[in-house]
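Just so it is clear, the model here is predicted, and its values are computed rather than measured. So you know, we letter chains A, B, ... as the sequences are listed, proteins then strands, and number each from 1.
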Amino acid sequence: MLDAKYFGEAVSELEAALKRRNGDSQLVAHIAELSKLRRTLISQTDSLKAKRNQASQEIGQLKAKAKSDPAAAAEAERRMVETRSLGDEIKATDQRLAEVDAEFTDLGLRIPNIPQASVPSGAGAEENVEVRRWGTPRAFDFEPLDHVALGEKLRVLDFDRAGKLSGARFSVYFGAGATLERALIQFMLDLHTRQHGYQEVIPPFMVNRASMTGTGQLPKFEEDLFKTGTADRELFLIPTSEVPLTNLFRDEIVEPGRLPLYLTAYSPCFRSEAGSYGKDTRGLIRQHQFQKVELVKIVEPEHSNEELEKMTAHAERVLQLLGLPYRTMLLCTGDMGFSAAKTYDIEVWLPAQKAYREISSCSNCEDFQARRAQIRYRPEAQAKPRLAHTLNGSGLAVGRTFIAILENYQDAQGRVEIPEVLHRYVEGAPGFLRDGARIWMTP
RNA sequence: GGAGAGAUGGCAGAGUGGUCGAAUGCGCCGGUUUUGAAAACCGGAGUGGGGGCAACCCCACCGGGGGUUCGAAUCCCUCUCUCUCCGCCA
């Protein structure tokens, strides 16, 4: 995988990608130049090799005759010596080609996906466009606490002890907190597998470099990842289960009739959060380790946009069932992730911050990841394989959903009501009190 | 952790230095036969890149990478993965 040839045909697209996303015209020119040089070198080595191959074949024929014909043996010797220099020439040209290929591939891997035409141009989050809003933020007749204060009061979150164990940006959930987090995971997985048609997967939480490259985390964002492994083996902790789920079909040709593939997985996610110093340092919002239920689709190109709408609706459904107000934003070019061609962020209302905060991000990556990971499908028997389109979305970030429930469902005494859809998951667990038709987490 | 055996086309499975891109079987596609089908028989067929109006031609690919050689599926090094036996382990 990840051969320069995969980018060969995509050069003009790569140029377009750069232009629309703060493009660097020098880089574009450089890429075009490299591409040309690559083609020249390829045709050079090819014709040298053709000559060499023919000579070898003729030497073989001479050798076969040599038993009965001493003149043929001498001729074979002569040709062998003569052909030696051709070999050196091939070696030199091949090496130059390898260098050009390496640079070309590396550049190709560092260029982001092209935004779709429907994506608004913009520099940053301020220029994202709100496409819809659901629910009305509740009016409080007291000053709502944030989830950190609530969590400590309820004794379900402990950041100090997490600091002792691992340092900043880690957390410990205790008792009813741990149960609620687990209930949310279960609820989301049940919803997506039973009502939305996703297949549940438990993937590896550590993956190799090829997988990280396939989905676009590498080579450009290595500092965002936790790297591990043993002396002779390199592994990365997944920043999202999008990585293992999408890479499941890396280097495969999916047989006719199997698309669309709908996959969902719960996983812990590990992010170094390099470059976010000072941002969201309080509480659960931005952690080195958090839980997420992920949605991934592998689909035919013709349907990817309609599948993106459906996937976004599936993620929104979680918030609707939990009764949490949210808005959905169409990200502008400047705020989109590296691999995405179009992205919707879903933002949940957090009363303590009096703001909508991201809780899900749903993207159509089109063939960007499929090209890197060589995920192809056969439209019908005997047909030529085509690159598939891949999509991913959070369905949802569990920790942030936990925050939203604490903050939106608190009462003046610091109790938190549990939304009805979660009752069956927490009923009877320690730390939850039933009061008529309602269940509460209480201090 | 120790010892050993492997990785070849959709699958099974030959091939240990010279027309091997690769025998054979199954499967697949086309045809003959048949009312239709099966069987039988005949024929075809890998992937990617480049060139040519075209018939065709060239390059690469036998797990990945490197080496030896005029020439490598075949020899050497290395990595990955799989299997068997022993040890350990949730």
Side-chain angles (χ1 to χ4, degrees), chain A residues 1-12 34-69 71-102 104-106 108 202-214 218 228-236 244 247-258 367 370-388:
Chain A
M1 65 172 271
L2 301 175
D3 202 297
K5 73 186 177 200
Y6 296 137
F7 295 97
E9 61 187 278
V11 170
S12 57
L34 273 179
S35 166
K36 216 169 163 187
L37 178 57
R38 215 182 132 256
R39 277 165 198 282
T40 313
L41 285 172
I42 287 173
S43 75
Q44 268 175 30
T45 42
D46 277 4
S47 64
L48 284 172
K49 282 177 189 171
K51 254 197 251 176
R52 195 260 329 263
N53 289 349
Q54 205 192 327
S56 295
Q57 204 176 322
E58 284 164 14
I59 291 167
Q61 283 158 3
L62 287 169
K63 284 250 176 181
K65 257 194 281 180
K67 278 179 205 145
S68 55
D69 179 1
E75 174 67 3
E77 273 314 309
R78 197 188 63 73
R79 294 290 305 272
M80 271 158 64
V81 174
E82 176 188 281
T83 312
R84 219 162 278 165
S85 66
L86 248 185
D88 295 338
E89 226 177 308
I90 291 170
K91 217 171 267 181
T93 322
D94 259 351
Q95 200 185 335
R96 271 196 74 204
L97 177 60
E99 285 163 15
V100 171
D101 262 3
F104 187 66
T105 305
D106 187 63
I202 301 180
F205 300 154
M206 292 190 256
V207 300
N208 57 28
R209 180 168 286 271
S211 297
M212 285 295 185
T213 309
L218 291 179
T228 179
T230 49
D232 54 350
R233 194 172 183 190
E234 177 188 58
L235 285 169
F236 298 87
N247 277 285
L248 280 174
F249 294 90
R250 169 153 51 86
D251 294 321
E252 289 196 28
I253 297 170
V254 179
E255 287 312 310
R258 286 198 63 195
D367 64 8
R371 174 175 294 115
R372 296 165 155 247
Q374 286 299 296
I375 302 169
R376 294 180 293 171
Y377 75 102
R378 216 182 287 283
E380 49 198 89
Q382 314 301 321
K384 266 199 159 193
R386 300 173 68 196
L387 289 174

What is the distance from CD1 of A/Ile253 to P of B/G9, rounded to the nearest Å?
-> 13 Å

Could you tell me which nucleotide pairs with B/C41 by Watson-Crick or G-U wobble geometry, both distances under 3.5 Å, or answer none if nothing does?
-> B/G31

Interatomic distance where CD belongs to A/Glu58 and C1' belongs to B/G18 [whole Å] = 13 Å

Expressed in angstrom and rounded to an integer, what is the separation of A/Gln57 atom CD from B/U69 atom C1'?
-> 17 Å

B/C20: pairing nucleotide in any strand, Watson-Crick or G-U under 3.5 angstrom | none

Pairwise C1' distance for B/C61 and B/A37, with rounding to whole Å = 41 Å

Nucleotide opposite B/A3 in a Watson-Crick or G-U pair, distances under 3.5 Å | B/U84

When the P atoms of B/C77 and B/C88 are considered, how many whole Å apart are they?
-> 33 Å

Euclidean distance, atom CG of residue A/Leu62 to atom P of B/G71 [Å, nearest integer] = 16 Å

Pick the P atom in B/G21 and in B/A72, then give their distance to the nearest Å.
-> 11 Å

Interatomic distance, A/Leu387 CG vs B/G48 C1' [rounded to whole Å] | 13 Å

Listed partners of A/Met212 passing side chain to side chain contact (heavy atoms under 4.5 Å, CB included), at least two apart = A/Val207, A/Gln217, A/Leu218, A/Leu225, A/Phe236, A/Pro239, A/Val243

Applying side chain to side chain contact (heavy atoms under 4.5 Å, CB included) to A/Asp106 and not counting sequence neighbours gives A/Arg110, A/Pro219

Span that lies between the P atom of B/C62 and that of B/C41, in whole angstrom | 34 Å

Could you tell me which residues satisfy salt bridge (charged side-chain N to carboxylate O under 4.0 Å, His left out) with A/Arg209, sequence neighbours excluded, listed by chain and number?
-> A/Glu222, A/Glu234

Can you list the residues that meet the side chain to side chain contact (heavy atoms under 4.5 Å, CB included) rule with A/Gln54, with sequence neighbours excluded?
-> A/Glu58

Please determine, for B/C61, whether a Watson-Crick or G-U wobble partner exists with both distances under 3.5 Å, and give it or none.
-> B/G46

Side chain to side chain contact (heavy atoms under 4.5 Å, CB included) partners of A/Asp46, counting only residues at least two apart = A/Ile42

Nearest heavy-atom contact between A/Lys63 and A/Ala76 is CG-CB, 4.3 Å

Judged by nearest nucleotide, the residue sitting upstream toward the 5' end of RNA chain B, A/Arg79 or A/Ser43, is A/Ser43

Quantified in whole Å, what is the C1' atom distance between nucleotide B/U84 and nucleotide B/U47?
-> 34 Å

Given RNA chain B, 5'-ward residue of the pair A/Lys63 and A/Ile59, judged by closest heavy atom = A/Lys63

To the nearest angstrom, the CZ-C1' distance between A/Arg209 and B/G65 comes to 16 Å

Looking at A/Leu62 and A/Ala72, what are the two nearest heavy atoms and their distance?
-> O-CB, 3.8 Å

Atom CG of A/Asp101 and atom P of B/G49: how far apart are they, to the nearest Å?
-> 14 Å

Residues 88-100 of chain A vs side-chain hydrogen bond (donor to acceptor under 3.5 Å, both in side chains), sequence neighbours excluded, gives none

Got a sec? Which of residues 81-91 of chain A come in under 4.0 Å of RNA chain B, heavy atoms?
-> A/Thr83, A/Arg84, A/Lys91

Write down the protein N/O and nucleotide N/O pairs, taken from nucleotides 57-61 of chain B, whose separation is under 3.5 Å; answer none if there are no such pairs.
{"residue": "B/C59", "atom": "OP1", "partner": "A/Asn53", "partner atom": "ND2", "Å": "2.9"}
{"residue": "B/C59", "atom": "O2'", "partner": "A/Asp46", "partner atom": "OD1", "Å": "2.8"}
{"residue": "B/A60", "atom": "OP2", "partner": "A/Asn53", "partner atom": "ND2", "Å": "3.4"}

For nucleotides B/G25 and B/U82, find the distance between their C1' atoms and express it as a whole number of Å.
-> 24 Å

May I have the distance from A/Asn208 (atom CG) to B/G64 (atom C1'), rounded to whole angstrom?
-> 13 Å

Rounding to the closest angstrom, what is the interatomic distance between B/G30 and B/A38 at atom P?
-> 11 Å

Would you name the heavy atoms of A/Phe104 and A/Leu34 that are closest together and state the gap between them?
-> CD1-CB, 4.0 Å

Can you tell me, in whole Å, how much space there is between the C1' of B/G67 and that of B/C81?
-> 22 Å

Salt bridge (charged side-chain N to carboxylate O under 4.0 Å, His left out) involving A/Arg386 - partner list, sequence neighbours excluded = A/Glu302

Give the minimum heavy-atom separation between A/Arg250 and A/Asn247, together with the two atoms involved.
-> NE-OD1, 2.8 Å

